[in-house]
Structure formats: structure tokens, C-alpha cells
Amino acid sequence: MFETILNVISALAIPLIIVLIPLYGYRKGLKVYEVFTVGAKEGFDVALRIIPYLVAIFAAISIFRTSGAMQVLSWIMSPLTSLIGMPGDVLPLAFMRPLSGSGALGILSELVKTHGPDSTIGRMASIMMGSTETTFYVLAVYFGSVSVTNSRHAVPAALTADLAGIISAVVLTNVIFG
């Protein structure tokens with residue numbers, strides 16, 4: 001019963017939002033089409049402003065992966081991560097997740113395909129994927145859109161949150177499924 005209700009809500013949510021927002025604007029006396037086109041123009045301007053930041057972050061990720069630096073870093077860190085119960089196979093995901101969502105998804109897919117979704121590695125990688133963020137991508141997009149050049153404490157705070165997510169994924173996987 002509960003699942004059926006959720007499926008109905010899921011099926012109707014997006015169409016209702018698409019219909020209700022213009023109706024609400026019309027009811028408030030707004031020129032809905034004109035407001036929409038102004039917002040779309042501002043969105044396009046933001047997209048043009050952040051393109052250089054995105055190109056820079058994607059180039060850095062590509063260099064990091066193709067140079068083999070990620071594999072070397074994983075190999076160096078593997079004795080330390082094995083102490084906390086983190087398999088070395090999951091380490092590339094921990095390094096890639098703050099940099100790129102699609103790169104991390106590729107690593108997650110590879111881990112699940114190789115080890116299986118119900119393996120310790122598959123579960124740990126899945127929890128890690130859900131409990132961390134694409135930190136540098138998000139910072140590049142948001143700070144780039146408003147032209148912030150000094151991120152101050154944002155990078156260390158975000159990386160600390162990612163580290164907490166990674167450690168939580170390791171602990172939860174080992175406690176629940178270990």
C-alpha cells in the first residue's frame with residue numbers, strides 16, 4: 001500500500017510541478033513567459049561564466065587519472081587504509097569522488113561489476129558514493145558563477161566533510177555487513 005502511494009506520488013510529482021508553478025505565477029499576476037525567458041537568459045549567462053572553471057577541473061581530473069598518479073597514490077595509501085578496514089580497491093573511488101561525479105560513477109560501476117553489489121567492496125563503495133560530494137566540481141560551479149576567487153575555508157571544510165563521509169562508509173559497512 002505504502003509503496004503504491006509512493007509510486008503514484010513519484011509519477012505525478014514532476015508533471016504537477018510543471019503545471020502548478022506557471023499557474024501560481026499567473027495567479028500572482030506575473031507575466032509568466034517573460035519571467036521564464038529572463039530566467040533562462042540569466043541561466044545561460046551563468047553557464048558561460050562557469051565554462052572556464054569546468055574546463056580547468058576536467059583537465060586536472062583527466063591528467064590525474066591518465067598519468068597514473070591515482071594508482072600510485074592508492075598504492076602508497078593502501079597500508080594505512082587497510083588498518084581501518086578499507087580495501088585498497090575502494091581507495092580510487094575515495095580520491096575521485098571529490099573531483100568528479102562521472103569519474104567516481106565509472107569507478108563505482110567497475111567495482112560493482114568486478115566484486116558484485118553484495119560484496120563488502122560493492123557495499124562500501126555504494127555507501128561512499130552516497131555519503132560524499134563532488135566537492136571541487138561544486139566549488140568550481142558555485143564560486144565560478146559568482147566570480148569568487150578566494151574560497152577561504154570552503155575547500156578544507158568540504159574536504160573534511162568528504163573525509164567524514166569516507167570514514168563513515170568504511171565504519172558502517174564493517175559494522176553492518178562485516
Side-chain angles (χ1 to χ4, degrees), residues 10 14 40 42-178:
S10 295
I14 299 297
E42 289 176 5
F44 187 73
D45 291 341
V46 168
L48 286 177
R49 267 199 320 265
I50 66 172
I51 283 175
Y53 301 101
L54 292 177
V55 168
I57 194 77
F58 288 137
I61 291 166
S62 178
I63 291 168
F64 184 64
R65 284 191 83 177
T66 57
S67 69
M70 186 165 62
Q71 285 79 18
V72 171
L73 195 58
S74 297
W75 179 75
I76 290 170
M77 296 286 294
S78 62
L80 179 67
T81 58
S82 65
L83 289 176
I84 62 170
M86 180 181 188
D89 292 336
V90 182
L91 203 52
L93 177 65
F95 287 129
M96 183 54 67
R97 182 65 174 146
L99 298 172
S100 166
S102 57
L105 187 59
I107 292 172
L108 174 68
S109 298
E110 212 171 282
L111 289 173
V112 169
K113 187 187 300 179
T114 304
H115 301 283
D118 294 330
S119 66
T120 301
I121 290 174
R123 288 175 172 154
M124 188 177 293
S126 298
I127 293 172
M128 191 177 296
M129 189 76 173
S131 60
T132 56
E133 181 58 70
T134 54
T135 301
F136 288 104
Y137 174 78
V138 169
L139 291 175
V141 169
Y142 290 118
F143 284 177
S145 68
V146 291
S147 302
V148 171
T149 55
N150 184 5
S151 64
R152 295 186 44 151
H153 307 295
V155 172
L159 291 177
T160 302
D162 282 335
L163 182 63
I166 291 166
I167 292 171
S168 297
V170 171
V171 170
L172 288 173
T173 304
N174 288 328
V175 168
I176 295 171
F177 303 109

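On a predicted model such as this, the values are computed, not experimentally measured, just so you know. Only this structure's heavy atoms are used, side chains among them; waters, hydrogens and symmetry mates stay out.
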- Excluding sequence neighbours, so at least two apart, what forms side-chain hydrogen bond (donor to acceptor under 3.5 Å, both in side chains) with S131? none
- Contact summary for G85 and N174, nearest pair of heavy atoms: O-ND2, 3.2 Å
- Looking only at heavy atoms, what is the nearest atom pair of P92 and I107, with distance? O-CD1, 3.7 Å
- Task: Might you confirm whether atom OH of Y137 has over 12 heavy atoms from other residues, nucleotides or ligands at distances under 6.0 Å?
- Result: no
Residues 164-172 side chain polar contacts: donor-acceptor under 3.5 Å, at least two apart:
unit_1, atom_1, unit_2, atom_2, d
S168, OG, A164, O, 2.7

- Message: Holding to side-chain hydrogen bond (donor to acceptor under 3.5 Å, both in side chains), I want the full list of residues that pass it with T135, two or more places apart in sequence or in another chain.
- Response: D162
- Message: Please give me the minimum heavy-atom distance between L139 and A154, naming the atom from each residue.
- Response: CD2-CB, 4.1 Å
- Message: Could you work out, with side-chain hydrogen bond (donor to acceptor under 3.5 Å, both in side chains) as the rule, every residue matching T160, not counting sequence neighbours?
- Response: none
- The complete set of salt bridge (charged side-chain N to carboxylate O under 4.0 Å, His left out) pairs with one or both residues in residues 136-152, sequence neighbours excluded, reads none
- Message: Return the CE to CE distance between M77 and M86, rounded to the nearest 0.5 Å.
- Response: 8.5 Å
- Evaluate the side-chain contact (heavy atoms from CB on, under 4.5 Å) criterion for residues R49 and V46: first the C-alpha distance (whole Å), next the side-chain angles of each, then the deciding distance (0.1 Å), finally the verdict. CA-CA 5 Å; R49 267 199 320 265; V46 168; 3.4 Å; yes
- Note on the structure: When every non-hydrogen atom of L91 is compared with those of L73, the smallest separation belongs to CD2-O, 4.5 Å
- Euclidean distance, I50 CD1 relative to F143 CZ, rounded to 0.5 Å: 13.5 Å
- Message: Quick check for you: to the nearest 0.5 Å, what is the distance between M70 atom CE and L93 atom CG?
- Response: 9.0 Å
- Residues at least two apart in sequence or cross-chain that pass side-chain hydrogen bond (donor to acceptor under 3.5 Å, both in side chains) with T132, listed by chain then number, are R97
- Message: I need the minimum non-hydrogen distance between M129 and L108, along with the two atoms involved.
- Response: CG-CD2, 3.9 Å
- Work out which heavy atom in F64 is nearest to a heavy atom in L99; give both atom names and the distance. CD2-CD1, 3.9 Å
